[in-house]
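All of these numbers come straight from a predicted model, not from anything done at the bench.
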Amino acid sequence: MEKLVAIIDVMPEYGRRLAAYLNNSRTFPYRAVVFSSADEAESYIKNDGVYAVLAAEELEKAVLDVVVGTGVKLFWLRERKDAYGGSSMYRYGSAKEIERGLTETKEREKRIPVIGFFSPAGGAEAELLSRKIAEELGKKGKVLYFSMFPFGIYGRECEDGLSEAVYFIRQPDGEPRLRLRRLLQCGESMDSIGPVRWYTDLSSVTKTDMESFFRSGLWETKYQAFFVAVGQFDTVGRNVLGCCDNVLVPVWETKDGRRIQEEFRRQIKESGDTKLYSGILEFSVEKSLGASPEEAVAAAVNKGVEAIAGDYGRDSQNDPGAIGFVRGADG
């Protein structure tokens, strides 16, 4: 059966012209069809007749509701030329570039960077700080955040969270994407998953669970980074940090805070874990966040974001196309 590329756009004439070009191209192996809405294309998608969907970014919510869980490739028509890359197409670029983006076979999935957060000095402010940094990063490219603090409070208003996410990932019967999507607490720049239901649920989380969780295919291609706040440096926490490209570590600028950080760094170095050691990004927190909440949090968040941007501005083992959002679109 001939596979379709469904073009779902808010500009019908643009869609028709693009479809005409694609269908007249000798190198395009699919048939492009224009739809006016996600609902109109739904039956084709559900019946396995669609290879890929090319949709206007304005229709993101409606399109995701139809596409998630189907295995259909998803591409977005963006208004900005410098918007993200990967699964995005510049609307006003050449039709040839769009064709190339639709047909190129990637050797691997679009890689989504994983940013960890861990505070060896602990403190009640650590979870707050991690969430605020994730929100700030989300302004440059949407972030999926979750916390592995055993007594996490953010997102507690929803009963289901990380406990259910891990359960869904482990199920052998098909793709868990749709079920995972129902757990998301969606925001403008950052989506999140609530904490575990019981602290004991963390003890069973494995590195395989987290590697599965961080597969970009589970989440389509809308996220520009995963941001995970690790609450404890036990076996589970250590395994999660091992999945991270970088680990953001606040250094509490007190005598004891600096000593704790030095001891943490010494033990990681002497353990021989060069990946984790080389991926540590330190930033200073001048005083307890509780002393002057708004100003202290803002200052610490800025330093955390600068630490990430500074690292990705240098030569890195990470895919610069995937993590360039932390340095701005033109970075």
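Of all non-hydrogen atoms in Gln185 and Gly194, the two that sit nearest each other are NE2-N, 3.6 Å. Residues Ile115 and Ala225 share a closest heavy-atom pair of CD1-CB, 4.3 Å. Smallest separation of non-hydrogen atoms from Ala229 and Tyr145: CB-OH, 3.8 Å. Residues Val228 and Cys244 approach most closely at CG1-SG, 3.9 Å, considering heavy atoms. Met190 and Ala134 get closest at one heavy-atom pair: SD-CB, 3.6 Å. Taking every heavy atom of both residues into account, Ile280 and Val249 meet most closely at CG2-CG2, 3.9 Å.
In this structure, the side chains of Val34 and Asp9 stay at 4.5 Å or more apart for every pair of heavy atoms. Counting heavy atoms from C-beta on, the side chains of Pro250 and Phe283 come closer than 4.5 Å. The side-chain heavy atoms of Asp234 and Leu202, taken from C-beta on, include no pair separated by under 4.5 Å. Counting only heavy atoms from C-beta outward, the side chains of Phe117 and Ser147 never approach each other to under 4.5 Å. A heavy-atom distance below 4.5 Å is not found between the side chains of Phe35 and Val50.
Partners of Glu57 according to the side chain to side chain contact (heavy atoms under 4.5 Å, CB included) rule, which considers only residues two or more places apart in sequence or in another chain, are Arg78, Glu79. When the ring pair (Phe, Tyr, Trp, His ring centres under 6.0 Å) test is applied to Tyr92, the partners found at least two apart in sequence or on another chain are Tyr90. Residues passing the side chain to side chain contact (heavy atoms under 4.5 Å, CB included) test with Asp191, sequence neighbours excluded: Lys142, Leu144, Leu184, Cys186, Lys222, Tyr223. By the side chain to side chain contact (heavy atoms under 4.5 Å, CB included) test, Glu270 is found to be paired with Arg266, residues two or more places apart in sequence or in another chain being considered. Scored by the ring pair (Phe, Tyr, Trp, His ring centres under 6.0 Å) test, Tyr277 finds no partners at all (sequence neighbours excluded). Legend: residues meeting side chain to side chain contact (heavy atoms under 4.5 Å, CB included) with Glu262, ordered by chain and number and at least two apart, are Arg265. Residues passing the ring pair (Phe, Tyr, Trp, His ring centres under 6.0 Å) test with Tyr51, sequence neighbours excluded: Tyr30. With sequence neighbours excluded, the residues satisfying salt bridge (charged side-chain N to carboxylate O under 4.0 Å, His left out) with Lys96 are Glu99.
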* To do: List the steps, then state whether side-chain contact (heavy atoms from CB on, under 4.5 Å) holds for Phe214 with Ile112.
  => CA-CA 8 Å; Phe214 293 136; Ile112 301 177; over 6 Å; no
* Asked: Going through the distances and angles, do Thr206 and Asp209 end up as a side-chain hydrogen bond (donor to acceptor under 3.5 Å, both in side chains)?
  -> CA-CA 5 Å; Thr206 66; Asp209 291 332; 3.2 Å; yes
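With rounding to the nearest 0.5 Å, the separation of CE in Met11 from CZ in Arg17 is 7.0 Å. The structure places NZ of Lys140 at 12.5 Å from OG of Ser189, a figure rounded to the nearest 0.5 Å. Atom CZ of Arg197 and atom OH of Tyr167 lie 12.5 Å apart (nearest 0.5 Å). Taking OG of Ser119 as the reference point, atom CD of Gln232 lies at 12.5 Å (rounded to 0.5 Å).
Within the structure, no pair that satisfies the ring pair (Phe, Tyr, Trp, His ring centres under 6.0 Å) test touches residues 7-26, not counting sequence neighbours.
Without hydrogens or angle criteria, Lys3 side chain to Pro29 main chain gives no donor-acceptor distance under 3.5 Å.
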Enumerate donor-acceptor pairs with a distance under 3.5 Å from any side-chain N or O in residues 37-45 to protein atoms, sequence neighbours excluded.
{"from": "Ser37", "atom 1": "OG", "to": "Glu40", "atom 2": "N", "distance (Å)": "3.2"}
{"from": "Glu40", "atom 1": "OE1", "to": "Ser36", "atom 2": "OG", "distance (Å)": "2.5"}

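Within the hydrophobic cluster formed by Ile, Leu, Val, Met, Phe, Trp and Tyr side chains joined at under 4.5 Å, directly or through other members, Ile260 stands alone, with no partner residue. Trp198 shares a hydrophobic cluster with no other residue; no ILVMFWY side chain has heavy atoms under 4.5 Å from its own.
Classification of Glu13 and Arg16 as a salt-bridged pair holds, one side-chain N sitting under 4.0 Å from a carboxylate O.
The residue from Ile7, Val63, Val5 that alone fulfils the side chain to side chain contact (heavy atoms under 4.5 Å, CB included) condition with Val53 is Val63.
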